[in-house]
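These numbers come from the heavy atoms of this one structure, side chains and all, not from hydrogens, waters or symmetry mates. Here is the naming used below: chain letters follow the sequence lines, and residue numbers restart at 1 for every chain.
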Protein chains: 2
Amino acid sequence: MNQRPQTGYDLAKAFENEIGEFWQAQHSQIYPMLKRLETAGEITHEDTIAGEKLAKKQYSLTPSGHEKLVAWVSEPSPELAATKDEFILKLYFIKSADDPRLQPMLQEQAVLHRTQLAHLKQRRQTVFPDQAAIDQAYGHYLILDHAIGREQYYVDWLNQLLEH
Amino acid sequence: MNQRPQTGYDLAKAFENEIGEFWQAQHSQIYPMLKRLETAGEITHEDTIAGEKLAKKQYSLTPSGHEKLVAWVSEPSPELAATKDEFILKLYFIKSADDPRLQPMLQEQAVLHRTQLAHLKQRRQTVFPDQAAIDQAYGHYLILDHAIGREQYYVDWLNQLLEH
DNA sequence: ACGAACATGTAACCCGTTACATGATTAA
DNA sequence: TTAATCATGTAACGGGTTACATGTTCGT
């Protein structure tokens with residue numbers, strides 16, 4: 001998306017792995033959008049063949065598209081992140097600290113977020129094994145770092161409530 | 001929503017203030033939903049008049065609705081929270097730590113999140129001034145506490161990057 | 001008298017998810 | 001050979017936002 005040509009499939013995977021913690025997009029949203037962006041003149045594609053006859057569309061930014069991307073990154077992002085956390089919503093209906101449903105709920109979430117935290121740490125280790133890897137994709141590293149810190153906070157918060 | 005009758009307006013305000021950090025719903029979504037829930041037999045309403053002629057609909061849960069709510073709270077919540085943070089998405093396109101756009105971006109977000117953190121702390125002080133207030137709405141307190149911790153982490157993370 | 005907050009609704013539109021649909025390539 | 005992954009698309013549906021629309025009450 002930045003400079004190297006990518007297929008819609010590549011983008012879908014990036015939304016799943018690289019930035020899925022903070023932004024999501026399914027391939028059913030991506031393919032029509034790529035067509036729209038091409039019509040708008042922000043991207044172009046080149047048809048390539050992998051193997052015998054598997055057709056791929058390698059998209060790349062046009063000068064106009066690149067300009068727009070650079071401008072967009074520099075623009076202010078004044079909106080605070082929108083979150084939908086069903087567990088937290090359910091907490092609203094727990095009126096007392098003694099509610100017998102509370103501890104199981106916390107435990108369930110603790111399992112979930114500990115697993116996620118371990119998974120993210122594992123990813124950091126494999127994707128950014130050394131300083132060179134970090135230097136080459138610093139923003140991506142920051143995203144993963146932020147995701148890990150955020151999960152760590154969530155786990156700590158749950159643990160502290162479980163000790164009680 | 002729990003036991004005391006509430007109007008659609010009350011609910012909209014709750015989504016704005018009490019749980020807006022983790023779940024959102026506009027009045028345009030709430031009013032039709034209240035009608036649907038009433039048709040389904042989960043809630044009923046009583047027309048009341050405030051002042052001279054301002055019509056209010058005080059909704060309350062039916063036994064069936066209350067049962068469903070209790071069951072829903074106890075159900076597992078296996079999905080991890082979905083987040084959409086445009087700033088973090090933009091970070092993805094910053095390839096180097098020396099990119100001149102990075103520091104201004106971080107500073108802008110720091111202002112945003114410091115303000116939000118101060119606002120949330122202020123709310124905790126006014127909504128939960130003593131232990132009695134916490135004991136009466138423990139879940140609500142936990143939500144606010146979690147929101148504060150989350151913002152504190154975000155601010156700390158940004159500060160640490162700004163020191164650099 | 002006026003503006004903010006209270007109070008309730010509908011309509012249009014956009015965005016995003018799930019499901020439907022198809023086919024090629026690669027590794028076990 | 002068979003399952004996982006690669007690769008691209010469309011359609012239906014639902015949820016959610018913004019905008020449209022109206023009227024009352026309360027505090028200053």
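A rotation axis mapping the C1' atoms of four pairs onto the next four is fitted at both ends of the helix from C:dA1-D:dT28 to C:dA28-D:dT1 over five pairs, and the angle between these axes is 40° to 10 degrees.
Distance B:I49 CD1 to D:dC26 P: 13 Å, rounded to the nearest Å. Between the CD atom of A:E79 and the P atom of D:dT18 there is a distance of 10 Å, given to the nearest Å. For A:W23 and C:dT17, the CH2 to P distance is 11 Å, given to the nearest whole Å. One atom, NE2 of B:H45, and another, P of C:dA7, lie 15 Å apart when rounded to the nearest Å. Residue A:Q24 contributes atom CD, which lies 15 Å from atom C1' of C:dT18 at whole-angstrom precision. Nucleotide D:dT18 holds its P atom 14 Å from the CD1 atom of B:I30, rounded to whole Å.
An OP1 or OP2 oxygen of C:dC15 is reached within less than 4.0 angstrom by no side-chain nitrogen or oxygen of B:K84. Contact annotation: A:Q26 side-chain N/O to C:dT17 OP1/OP2 distance is under 4.0 Å.
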With a cut-off of 3.5 Å and sequence neighbours excluded, list every side-chain donor-acceptor pair involving residues 128-137 of chain A.
residue : atom : partner : partner atom : Å
A:D130  : OD1  : A:A132  : N            : 3.3
A:D130  : OD1  : A:A133  : N            : 3.0
A:Q131  : NE2  : A:D135  : OD1          : 3.2

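Listed by chain and number, the residues in a salt bridge (charged side-chain N to carboxylate O under 4.0 Å, His left out) with B:D10 amount to none (sequence neighbours excluded). Applying the ring-ring contact (aromatic ring centres under 6.0 Å, His included) rule to A:F87 yields no partners; only residues at least two apart in sequence or on another chain are considered.
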Reading 5' to 3' through nucleotides 4-14 of chain D, protein heavy-atom contacts under 4.0 Å coded B for base, S for sugar-phosphate only, - for none: -SBBBBBB---
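The closest donor-acceptor contact from the side chain of A:T62 to the backbone of A:E42 lies under 3.5 Å.
The shortest distance between side-chain heavy atoms of A:D47 and A:K56 does not fall below 4.5 Å.
Within the structure, every pair that satisfies the side-chain hydrogen bond (donor to acceptor under 3.5 Å, both in side chains) test and touches residues 14-25 of chain B, not counting sequence neighbours, is listed here: A:Y92-B:E18, B:E21-B:Q116.
Linking ILVMFWY side-chain heavy atoms closer than 4.5 Å, directly or via other members, places B:W157 and B:V111 in two distinct hydrophobic clusters.
Between B:F93 and A:W72, the angle of the ring planes goes over 60°, which puts this pair in the perpendicular group of the 30/60° scheme.
B:Y153 and A:D156 share no side-chain donor-acceptor pair at under 3.5 Å.
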